[in-house]
Amino acid sequence: MALGLAGRLFFWCLVSWVDLPPQARALHAPSVRFLDSSGSLVHVERGGDHRWNFPLSYGEIPPEMVRFVLAVEDRRFWEHRGWDWRAAGRALWQFLRHRRIVSGGSTITMQVMTMRTGRSRSLGYKVRQTLLACQWERTHSKEEILEEYFNQLPYGGKLYGIEAAAQYYFGRHARELNRNEMILLSGLPQSPNRYRPDRHPERALRRREMVLHLLVRHGALTPQEAEEVRREPLRYRQFQTRLWPRMTDVHYLRLAQKAHPGRREYPLALDMRLQEQALAALRWGVDRLPGVADGAAVVVENATGRVRACVGTLDFLRAGDGAVNGAVAWRSPGSSWKPFLYGEALYGGMLVAETRLLDTPLELPDYRPGNFDGTFRGEVSAREALADSLNTPAVRLLAQLGVERFLQLLWRLNLLKASPGELVDKVGLSLAIGGTDSNLLALTAAYARLAGAPARLSWLQEAGQDTAGAEPGLWNEGSRQLLLQMLRRPLPGAGELPVSWKTGTSNGNRDAWCFAVTPQWTVGVWLGNKSGASSPALVGATAAAPVAGSLVQALSQQSPPVWPSWEEAFGERLSLCAASGLAPGAECGERMEGWGVKGVPLALCPRCGREGGEALKPVRILSPAPGEYRLEGGRQEVFFLLKTQPAECHLYVNGDYRGLHPSGEPLSLGKGAYRLTLWGGEGWKSQSITLRIR
């Protein structure tokens, strides 16, 4: 007895010592399923080692299937602890008697170890396999072991797991199989390629008969039940037809996986009909443009931020750059981000639609911007300057706003490849017309935010993804709606639909862009060559706009766009200086009416009262002094006592109105660059200082 106890103790010490090699711990990755927004399966991707494998939880495996397999493979599975000594003894006796292997004696747990470490017939391997099985029984439940077993069994070719086998051979889920089908599949793993029914149906039937015989012999079925099983149909699917669909263009799928890594199933927000319409529209647009070979399009549902279509290429299989995703490629945006420059100015009270801007020649030390048509219009309204994409007004506006402030906005909108700190010394006022790269997906998302879409796009259809509403800090709804109104005019290809839109053409005619916004949808289109080759046909208004217009028209067939009444909901009737289109001062003469944004004070006219009459009194900023300050002692902010004359001033920080600020009250600022502007009200001239906090 003592010898037996010592032997058992030695055996379990060995069990505690042995472990799986590190490279065997991770099983092959399973197959991944992708469903479109209607729930239809549109793509199935093979798992690791090109396997078809769809793992089930233990509760999803049919109980009868478990009973049949255990009766044939491991009748004492629920009793042993990884090694069945009786089965092993029987196998040894049969080997000695017949001089060949009659039965293996391996338990299901030992077979799981074989799946993880590979197969060998050596004695040392058998010992190690036994020890590993016993160790696994100590750390895993019986249900966990069976779950892995049924999910990793080979069923022929690259089919692994009961679910993949059920789908491939019978076109059904494992839970939908009848007993005859379950028993046929139970016999395949012993020699899966020899018995697979799609290639060797007679062998598969003979193997099923052998399994039925074993089930009757072991008492799992009565002879009458076995006869009933034989009469159940084997409902094979049509093997000549493809079972699992595969999309040729997988750009959308890869973006969804990047946003939500590691899933086995992706219920996509993808609308396949809309995806096909976008691809057809792009092909139509490219076919009519000489020297243009490619395009991309993105369609976003504004209310949810779901990406309903994303086409990154016209021919995914084309040699060279066909598989390059044009929707995320970094390209020059041209004038396509001018609306964000104007939006920042609207929100900061620097202008309204009627504000007068100069479109005249502008000569800077290293930059001489001009307009696309080579002409200048003199003084124009902000509405006209934006809608007609005039360059010199935008450059002047950026100079007033500040390059660093605009870079910070573009960074918040995810429109920059590099951080503002990396770019601030590399870009200048050309930033107003696309001085650095951006990409179609990010730009479409930014335009969608003008219509209230979430800051983060959603690639999935599942509940909980709806987070509508613009991110705090991106202006207010009144400013966004006024900006959209300024961009609203007939869009080529969209008929008379009310659409807010903007185009862009990169320097040298290498990229043509168009972004179209309705209350329901945002459409982004890029046309060009992935090689960067230019073409005179690559002009946003004539190349990309008609493609975007055709998509907007298709989207609006069932529900034409209806915009809210901006003036009633967000507008404020203002008296403006007729000369500047800004808030009139005491010396302003002729006035006109216009619309501003509720809650956003408009800047005072700087033009009038300069000749004759009493000059405006300048605001005096007594402290802080302009310059550079440093954060010290681990602090996140610097506190200033803002002292002014007069004793109370309107405060603007980087153009954002902060309300009336009494002189001597504290002001806290974190790391960054700031332009403080203070205006004393009627009769006072505003003054500004610049602070940089490091």
Side-chain angles (χ1 to χ4, degrees), residues 56-94 101-115 129-130 133 136-137 140-156 160-163 165-166 169-170 172 174-192 194-197 203-234:
L56 301 176
S57 66
Y58 176 75
E60 294 173 308
I61 301 169
E64 278 196 305
M65 186 80 175
V66 174
R67 184 168 67 88
F68 294 151
V69 170
L70 292 184
V72 175
E73 295 288 334
D74 192 351
R75 284 180 289 162
R76 283 177 287 276
F77 173 77
W78 298 105
E79 302 164 18
H80 65 65
R81 298 175 64 185
W83 179 49
D84 187 347
W85 64 270
R86 283 181 288 184
R90 184 187 67 247
L92 178 61
W93 167 250
Q94 290 173 337
I101 297 175
V102 177
S103 61
S106 293
T107 64
I108 278 180
T109 315
M110 293 168 68
Q111 292 180 49
V112 169
M113 295 301 97
T114 299
M115 295 173 190
Q129 182 196 43
T130 302
W136 255 61
E137 288 270 353
H140 294 74
S141 69
K142 292 287 189 179
E143 290 78 7
E144 289 173 330
I145 294 168
L146 284 174
E147 181 179 306
E148 182 158 333
Y149 178 75
F150 278 99
N151 285 329
Q152 300 301 324
L153 277 173
Y155 284 94
Y160 286 83
I162 186 64
E163 179 67 13
Y169 291 121
F170 300 108
R172 289 171 169 78
R175 64 178 181 272
E176 299 169 337
L177 299 176
N178 62 34
R179 291 178 300 173
N180 198 2
E181 293 158 349
M182 290 182 195
I183 291 170
L184 184 137
L185 291 183
S186 299
L188 298 190
Q190 290 293 331
S191 185
R194 175 177 175 79
Y195 296 130
R196 55 185 293 179
R203 290 180 190 170
L205 287 176
R206 287 197 296 271
R207 179 63 183 168
R208 182 209 60 182
E209 283 300 312
M210 183 178 296
V211 174
L212 276 173
H213 173 73
L214 289 172
L215 290 173
V216 171
R217 192 175 81 180
H218 295 155
L221 290 176
T222 66
Q224 293 78 13
E225 288 174 327
E227 283 301 320
E228 291 174 5
V229 167
R230 291 186 181 94
R231 289 195 293 270
E232 290 179 354
L234 292 171

Please lay out, stage by stage, how Arg206 and Glu209 fare under the test salt bridge (Lys or Arg N to Asp or Glu O under 4.0 Å).
-> CA-CA 5 Å; Arg206 287 197 296 271; Glu209 283 300 312; over 6 Å; no
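- Between Met113 atom CE and Thr107 atom OG1 the span is 9.0 Å, to the nearest 0.5 Å.
- Note: Met182 CE to Asn180 CG = 10.5 Å, rounded to the nearest 0.5 Å.
- The distance from atom OG1 of Thr114 to atom CD1 of Ile108, rounded to the nearest 0.5 Å, is 12.0 Å.
- Going from atom CE of Met110 over to atom CD of Glu137 covers 11.0 Å, rounded to the nearest 0.5 Å.
- At a threshold of 4.5 Å between non-hydrogen side-chain atoms, the residues Met115 and Tyr160 do not count as touching.
- In this structure, the separation between CZ on Phe170 and CG on Leu177 is 6.5 Å, given to the nearest 0.5 Å.
- No side-chain heavy atom of Ile162 sits less than 4.5 Å from a side-chain heavy atom of Pro62.
- Pro197 is listed as a side-chain neighbour of Leu184, based on a closest heavy-atom distance under 4.5 Å.
- For Arg67 and Glu64, the salt-bridge test passes: some basic side-chain N is under 4.0 Å from an acidic carboxylate O.
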With side-chain hydrogen bond (donor to acceptor under 3.5 Å, both in side chains) as the test, would you mind laying out the steps for Gln190 and Glu73 before giving the verdict?
-> CA-CA 10 Å; Gln190 290 293 331; Glu73 295 288 334; 2.7 Å; yes
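- With Phe77 as the fixed residue, the side-chain contact (heavy atoms from CB on, under 4.5 Å) test singles out one of Val69, Val66, Thr109: Thr109.
- Rounding to the nearest 0.5 angstrom, the gap separating the CG atom in Leu153 from the CD atom in Glu148 is 10.5 Å.
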Quick one: do Arg230 and Glu227 satisfy salt bridge (Lys or Arg N to Asp or Glu O under 4.0 Å)? Show the steps, please.
-> CA-CA 5 Å; Arg230 291 186 181 94; Glu227 283 301 320; 2.8 Å; yes
